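All ligand and atom numbering here is 1-based and tracks the order in the structure. Values in this document were obtained by computation on a predicted structure and should not be read as measured data.
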Amino acid sequence: MVWVCILHHEKTKRYSPDTASYTNCSIANPIIYSVHILTRRGNIPSFSSMIIVLEQKITEEKKQHIRQFLENRGYRIKEIVGDIETIFGAVGVPRVDIREVEVLDGVAKVIPITRPYKLASRELKKQDTVVSAGSIKIGGKRIAVIAGPCAIESREQIFAIAEKVSQAGAVMLRGGAFKPRTSPYDFQGLGVEGIKYMKEAGEAFGLPITTEIVNPQHTDMMREYVDVFQIGARNMQNFELLKEVGKTGLPVILKRGLAATIEEWLMAAEYLMAHGTDDVILCERGIRTFERYTRNTLDLSAIPVVKKLSHLPIIVDPSHATGLRGKVLPMGLAAVAAGADGIMVEVHTDPDNALSDGAQSLYPEQFEKLMRDIEALAPVLGKSIEYIPKKAKAVSAALELKDKQAEHKVAFQGVRGAYSEAALKAYFREDKVPLPCRGFSDVFKTVLRGEARYGIIPVENSLAGVINENLDLLLSHPDIRIIGEQDIRIVHSLIGMPGSALETIRKVYSHPQGLAQCSVFLDNLPEVERIPFFDTAGAVAHLAELNDPSSAAIAGVQSAECYGMEILKEGIETNPRNYTRFYIIARDTEADKMLEIQDANRAIMVFSTADEPGALFRCLKVLAERGLNMKKLESRPIHGKPWEYMFFIETEIPGTEAYTQAIKELVDVTVEFRILGEFSSNR
Ligand code: PEP
Ligand code: MN
């Protein structure tokens, strides 16, 4: 058979092999670009897996039709809803002519998946996968630390270690119950009894648990207990095990095999995903090389490689990678610095007598040091350390919010894509709906009116200093309380229209502070005019409207995504140590429900003193005597009372008793006294 295919540049004129004709072919002014003569059906481009980008306003009916069409031809469909577009990933063995799919109503474009792994591939899914396990998340802008012993040895042992690691900030408990040991004479683990102990310990300290599965027949038993399955290095290519574990749909930590290539590792992830789980966490744990000083060789370069090839989160196990406790801290930090979404480390309260892997297990003090160092590193990477949300008191039905949706809303100043929006995404564990407001006072009003449950306000920038307007708004809104804080690193980028280039830019829009903070970069572009704008993200929104390839804006990368713009250059700020701190605010009735006082480690208070010698000194003396470490002191003029001041103080809370006593004494030595908030801080 001879197939003739006439290609026009108009989208409506497409050839349909089904009917051997053109569909919607209204040729008013036909321009024939080329004529292809295809002599065999084999020449028609067909693929076993493809990405189908759907039209933006597609109806449910058309979507259903496309899904049915593909399923009838034997494809498995995975729908991925992104910020801008919705796609279908079609995966399977069949091969369908790609143009048959292209002509379907509602299809914007079809892109073949060329990698051997499909569901695990970044080609299929652009956004990072964030895996939920119990109350925690792994992936995205978080760093999650998993810790525990190599093996569960007894109920007492796992409880003692769980307590230590949870106090230090681990968010998941690890421990082996079925140990794949090199020697049959070594300790093989406590089996199901061990898993039960670990489950109990996890529940006692609020930690989800992960343990290794070695036998496909254990799957049903283990799924009753574990939050996350672990597939060990030795079993990475145990395909029967992968299939059974994949079928549970539970999250899986998939260790890299001792001698596995990255492609083999991703193919193993594909097995899990093809059988039903979406939540695979890859774990680099060192590979076998000729080097014998360390137990294995930690392949840190696998992190950026995997990040490019796959959307799945990747963590690193520096314990099994090095086999030496002294090497765990530097390699754990290096992994985080290289972009890992977390680390998994072995910790033991008595490593010298551990039944397995004692030499690589950290003492609890070493683990605490590692956690503190990661905390210091996180903001440099624009990430925050994952934590277990503190127990909220039972929230009553009487939220007094405007409507059900308001419960999920967070008010912020600015337009979509603002740094405040990036900060609220970093703070809130679950998805929240950002609610843009014109000014800072509108954020307060929106929260007070119950239109949003929370608000977020910047209070201090490490270069520009305190944002006084917000301190004053806190003073004038007694019904608002601070319930948390969030730091983010401010990374400015030059953003332009898709297809524009740095060399052709002639105008740059941004907030005056954005322009000032990138002055060295802009000085190197003498032909570029700097145009002040009310807001950084607003400048990007303006750019999208201007539609001018010679204009650009300075703002955060998140705003480029928001408005479909392109990043021309990332990280153009003169001083990279640029951080902004935000307070999360809520109505005091809400704040009351948030936190038990014993969970708080930070307090913010404001007071005025008498106009007499030693008045402020007497207040600070209370803090000193009760052991309240002061983190910050600001003074603000009292409106309407010239030359009188209110003092803002941030202190650590050393313990409930000392704190309560200090408050009583402060009330006595001040004229006006108010607590603006008590919350749990990582700082
Ligand atoms: C473990 O994590 O307990 C373990 C045995 O690791 P691996 O499979 O990486 O050797
Ligand atoms: Mn081990």
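- Of all the N, O or S atoms in E346, the one closest to the Mn ion (ligand 2) is OE2.
- Ligand 1 has no atom lying under 4.0 Å from any heavy atom of R256.
- H320 CE1, 3.3 Å is the protein heavy atom nearest to atom 1 (C) of ligand 1.
- Closest to the Mn ion (ligand 2) among the N, O or S atoms of D357 is OD2.
- In summary, R256 and D299 engage in a salt bridge, as defined by a charged side-chain N under 4.0 Å from a carboxylate O.
- Y454 and F428 have tilted rings, their planes meeting at an angle from 30° to 60° on a 0 to 90° scale.
- With the Mn ion (ligand 2) as vertex, C150 SG and H320 NE2 subtend 170°, rounded to 10°.
- Closest protein heavy atom to atom 6 (O) of ligand 1: K255 NZ, 2.9 Å.
- For the pair C150 and ligand 1, the shortest N or O to N or O distance does not fall below 3.5 Å.
- With ligand atoms numbered from 1 in the order given, ligand 1 contributes 8 (O) to contacts under 4.0 Å with heavy atoms of G232.
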Subject >> Worked verdict on K255 versus D317 for side-chain contact (heavy atoms from CB on, under 4.5 Å) >> reply: CA-CA 9 Å; K255 292 244 184 147; D317 171 350; 2.7 Å; yes
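- For ligand 1, the atoms lying closer than 4.0 Å to a non-hydrogen atom of Q230 are 1 (C), 2 (O).
- Counting non-hydrogen atoms of other residues, nucleotides and ligands closer than 6.0 Å to CD of E291 gives a total above 12.
- Under the 6.0 Å distance and 45° angle rule, R67 counts as a cation-pi partner of F88.
- For atom 8 (O) of ligand 1, the nearest protein heavy atom (residue, atom name, distance) is A233 N, 2.7 Å.
- Across F239, Y117, W265, a single residue satisfies ring-ring contact (aromatic ring centres under 6.0 Å, His included) together with Y271, and that is F239.
- The heavy-atom pair separating A177 from I195 by the smallest distance is CB-CG1, 3.4 Å.
- For atom 5 (C) of ligand 1, the closest non-hydrogen atom on the protein side is E212 OE1, 3.6 Å.
- Atom numbering of ligand 1 starts at 1 in the shown order; those under 4.0 Å from a heavy atom of R234 are 7 (P), 8 (O), 10 (O).
- A salt bridge links K631 to E652: one of the charged nitrogens lies within less than 4.0 Å of a carboxylate oxygen.
- Regarding atom 10 (O) of ligand 1, its nearest protein heavy-atom neighbour is R285 NH2, 2.7 Å.
- Here E270 does not pair with K118 in a salt bridge; the nearest charged N to carboxylate O distance is not below 4.0 Å.
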